[in-house]
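Order of listing sets the numbers, starting from 1, for every ligand and every atom in it. All of these numbers come straight from a predicted model, not from anything done at the bench.
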Amino acid sequence: MSDPWWKSAVVYQIWPRSFADSNGDGIGDLPGIAARLDYLADLGVDVLWLSPFYPSPQDDYGYDVADYQAVDPLFGTMRDFDLLLASVHERGMRLIVDVVLNHTSDEHPWFVESRSSRDNPKRDWYWWRTEPNNWRSFFSEPAWSRDEQTDEYYLHLFSSKQPDLNWENPQVRQALYAMLRWWLDKGVDGFRMDVINMISKDPALPDGWVPPGETLGHGFPHFLYGPRIHEYLHEMHTEVFAGRGATYLVVGEMPGCQVEQARLYTDPARGEVDMVFQFDHVGLDYGLAGKYDVAPFDLRRLKQSLGHWQSGLAEVGWNSLYWNNHDQPRIVSRWGDDSDEFRGASAKALATLLHLHRGTPYVYQGEELGMTNYPFTRLDEIADIEGLNWANAAIADGRPVEEVLAGLRAHGRDNARTPMQWDDSAHAGFTTGTPWLAVNPGYPAVNAADQSDDPDSVLAHYRRLITLRHSEPAVVDGDFTMLMPEHEQVYAFTRRLDDVELLVMVNVSSEPVDAAVGDGDSWRDAEVLV
Ligand code: TEU
Ligand code: CA
């Protein structure tokens, strides 16, 4: 059987709010994306993934969905979506949409009904209890909020405006499957599924472990790999995708997913999802106190982590490969060197390292230019609910504001969300109005116009890596062997398919390094690909 198309594909993620603004209101939109498709086709990516553009109060910038089957006027109309989809297909690319199936907005009609009375038919579509358990939400607050109207608590693993759906109820599942079929009927090529490993909760909702000195418990064991997760994913696969005679790309976002679990989720024989986003490597520089407690980066631990996932999915299943998305700081600032001297080389080094692993690479808007973190100096520059809630809680706990800002500068989600840098005109060419979030001041030196015709640019390097994946089967299917696991500056590995062997050697430091594989001679006559 031949490989599914997505094994040799590269996916490009668009966070619509910050990609391109067509009407000068300072907010990116669907026509803005449509106007930039030639840039993306030229980059060579196969698939576009659109983060949520659905009607939403924007409490979590669209991951709080109030209507799954419409377009928020902020981003355009359904006609704009249809035109965009057609233009993507015309250029030979595919388009997948982001679906948030774990929770809705509290303004979704389902929740409006559910909260209206204890005996409403949709009451049981969400999790209601007279007594909350001790779980903490991902956004630094209790995971339960009391609702005045009926004097009960509802569960929200994220913000209080993102109530969790109750997947135990078959009506909920059927409503979501019908919605997914509707998008497939429209012609989309698959889905990115938000926190999909959280849809099954232990229905007893037991308290979680409370770390010393804290008041709230961590409920992770009770919802990250719940008792019915495989059953739900397989049911969804059967109800939504089976019998359509086409292959779709389904990538499940799964915080806390272990490789043994991912092997089950992505085993094609089981019919669940095609690949998962795992979080092991992006947690390597989190300290004991969590993501904003920044720990030093150690290349050896990155090798252990990515290497473990390469071998864990070598025989069965499939990897996704990513450095960046709308939740992560910019990689060249995080683990590279974003100084003027080394930014370009560093961005290329990190790209090479990632893209030549086995798996499907994802590029997040601006990563292909080497976009950097934003130099936040004031709390009022922070827009993201996760960062703001954490900052407010930390300050209330007595943490100095300077320390809080340092955490946000290093790991805050807003780093990824500043506007795309198209050229060196005002606001980096993102908008003719006032951008909703400030443009990174580095844009005159880092922008698409500047790089598009420069063969030495980061952009040109991404094009080369994408082309290589399309032309060299060993990049797609070759087996993976890590070399020099203890080296602190060089990341090296081989990929082998039949009689082709590729050696990848990347100096991830800002110093010259003398390093050799074997006796140093075996690769002397090899062809240099990149
Ligand atoms: O993110 C999942 C999630 O767990 C986030 O809290 C993420 O782990 C964190 O930002 C990284 O530190 C998804 C979406 O990608 C995110 O934008 C949403 O806020 C979240 O789900 C809720 O829908
Ligand atoms: Ca706009």
Side-chain angles (χ1 to χ4, degrees), residues 13 15-35 49 51-54 56 58-65 71-77 80 98-105 136-141 143 156-165 192-199 220 223-224 251-257 276-286 290-294 322 324-329 334 362 364 383-390 407-408 410-417 419 427 430-436:
Q13 182 192 354
W15 199 68
R17 195 177 180 91
S18 291
F19 191 65
D21 174 24
S22 71
N23 61 353
D25 67 354
I27 296 178
D29 45 52
L30 300 183
I33 300 169
W49 146 28
S51 277
F53 48 81
Y54 316 105
S56 159
Q58 302 286 317
D59 184 58
D60 188 18
Y61 291 120
Y63 285 90
D64 47 325
V65 178
V71 173
D72 195 297
L74 213 51
F75 300 122
T77 62
D80 292 329
D98 205 318
V99 285
V100 188
L101 308 178
N102 177 69
H103 46 268
T104 66
S105 163
R136 157 200 305 282
S137 90
F138 284 88
F139 293 163
S140 308
E141 50 188 11
H156 54 88
L157 295 179
F158 294 89
S159 101
S160 56
K161 288 183 66 63
Q162 293 168 297
D164 280 55
L165 284 162
R192 178 267 190 187
M193 297 183 168
D194 194 65
V195 294
I196 198 68
N197 60 326
M198 303 188 193
I199 57 178
F220 304 135
F223 62 76
L224 284 184
V251 52
E253 189 213 23
M254 302 202 181
C257 178
V276 309
F277 288 129
Q278 55 93 10
F279 282 64
D280 283 352
H281 65 305
V282 292
L284 287 174
D285 57 1
Y286 292 2
K291 93 175 241 190
Y292 292 105
D293 173 21
V294 183
Y322 75 97
N324 278 115
N325 57 44
H326 62 293
D327 296 332
Q328 298 295 328
R334 186 182 197 172
Y362 288 71
Y364 176 69
D384 165 38
I385 183 170
E386 184 206 69
L388 277 174
N389 284 4
W390 171 77
L408 291 168
H411 284 168
R413 306 201 296 186
D414 289 305
N415 284 304
R417 301 177 178 190
H427 308 310
F430 163 71
T431 179
T432 55
T434 306
W436 74 278

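Ranking the protein heavy atoms by distance from atom 8 (O) of ligand 1 puts Phe279 CE2, 3.5 Å first. Looking only at heavy atoms of the protein, atom 3 (C) of ligand 1 is closest to Phe158 CE2, 3.8 Å. Asp194 OD1, 3.1 Å is the protein heavy atom nearest to atom 14 (C) of ligand 1. Given atom 15 (O) of ligand 1, the protein heavy atom at minimum distance is Asp327 OD2, 2.5 Å. Nearest non-hydrogen protein atom to atom 18 (C) of ligand 1 is Asp60 OD2, 3.2 Å.
Sorting the N, O or S atoms of Asp21 by how far they are from the Ca ion (ligand 2) puts OD1 first. Distances from the Ca ion (ligand 2) to each N, O or S atom of Asp25 single out OD1 as the nearest.
One N or O on the side chain of Ser18 and one on the backbone of Arg417 form a donor-acceptor pair closer than 3.5 Å. In this structure, Tyr292 contributes its side chain and Trp390 its backbone to no donor-acceptor pair below 3.5 Å.
Interface of His103 with ligand 1, defined as ligand atoms under 4.0 Å from a residue heavy atom, comprises 22 (C), 23 (O). Atom numbering of ligand 1 starts at 1 in the shown order; those under 4.0 Å from a heavy atom of Arg413 are 10 (O), 16 (C), 17 (O), 18 (C), 19 (O). Every atom of ligand 1 is numbered from 1 in the order shown, and the set under 4.0 Å from a heavy atom of Pro255 is 4 (O).
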Inset, instruction - List the steps and the verdict of side chain to side chain donor-acceptor pair (under 3.5 Å) for Ser140 and Asn389. - result: CA-CA 6 Å; Ser140 308; Asn389 284 4; over 6 Å; no

Inset, instruction - Apply the test side chain to side chain contact (heavy atoms under 4.5 Å, CB included) to residues Glu253 and Asp327: give CA-CA distance (whole Å), side-chain angles for both, the deciding distance (0.1 Å), then the verdict. - result: CA-CA 12 Å; Glu253 189 213 23; Asp327 296 332; 4.0 Å; yes

Legend entry - Derivation and outcome, salt bridge (charged side-chain N to carboxylate O under 4.0 Å, His left out), residues Asp293 and Lys291: CA-CA 5 Å; Asp293 173 21; Lys291 93 175 241 190; over 6 Å; no

Inset, instruction - Output, in order, the C-alpha distance, side-chain angles, deciding distance and verdict of side chain to side chain contact (heavy atoms under 4.5 Å, CB included) for Asp21 and Asp29. - result: CA-CA 6 Å; Asp21 174 24; Asp29 45 52; 3.1 Å; yes

Legend entry - Trace of the side chain to side chain contact (heavy atoms under 4.5 Å, CB included) decision for Arg334 with Val282: CA-CA 10 Å; Arg334 186 182 197 172; Val282 292; 3.9 Å; yes

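Using a 4.0 Å cut-off between heavy atoms, Tyr286 contacts ligand 1 through its side chain alone, with no backbone atom that close. With a 4.0 Å heavy-atom cut-off, ligand 1 is reached by no atom of His411. Counting heavy atoms closer than 4.0 Å to ligand 1, residue Phe139 contributes side-chain atoms (C-beta onward) but none from N, CA, C or O. Neither the backbone nor the side chain of Tyr61 has any atom closer than 4.0 Å to an atom of ligand 1 (non-hydrogen atoms only).
Arg17 and Gln58 share a side-chain donor-acceptor pair at under 3.5 Å. Defined by atom type and a distance below 3.5 Å, a donor-acceptor pair is missing between the side-chain atoms of Ser56 and Tyr63.
Ring geometry for Trp49 against His326 counts as perpendicular: the plane angle is over 60°, on a 0 to 90° scale with 30° as the lower cut. Taking the six-membered ring for Trp and thresholds of 30 and 60 degrees, Trp436 and Trp15 have ring planes inclined between 30 and 60 degrees apart.
At a cut-off of 3.0 Å, Thr431 is not counted among the residues with an N, O or S atom near the Ca ion (ligand 2).
Residue contacts with ligand 1: Met254 is excluded, as none of its non-hydrogen atoms falls under 4.0 Å.
Closest to atom 2 (C) of ligand 1 by heavy atom, among Lys291, Glu253, Glu386, His156, is Glu253.
At under 3.5 Å, a nitrogen or oxygen of His326, whether backbone or side chain, sits near a nitrogen or oxygen of ligand 1.
Under 4.0 Å is where a charged nitrogen must lie from a carboxylate oxygen, and between Asp60 and Arg413 at least one such pair does.
Rounded to the nearest 10 degrees, the angle OD2 (Asp29) to the Ca ion (ligand 2) to O (Ile27) equals 100°.
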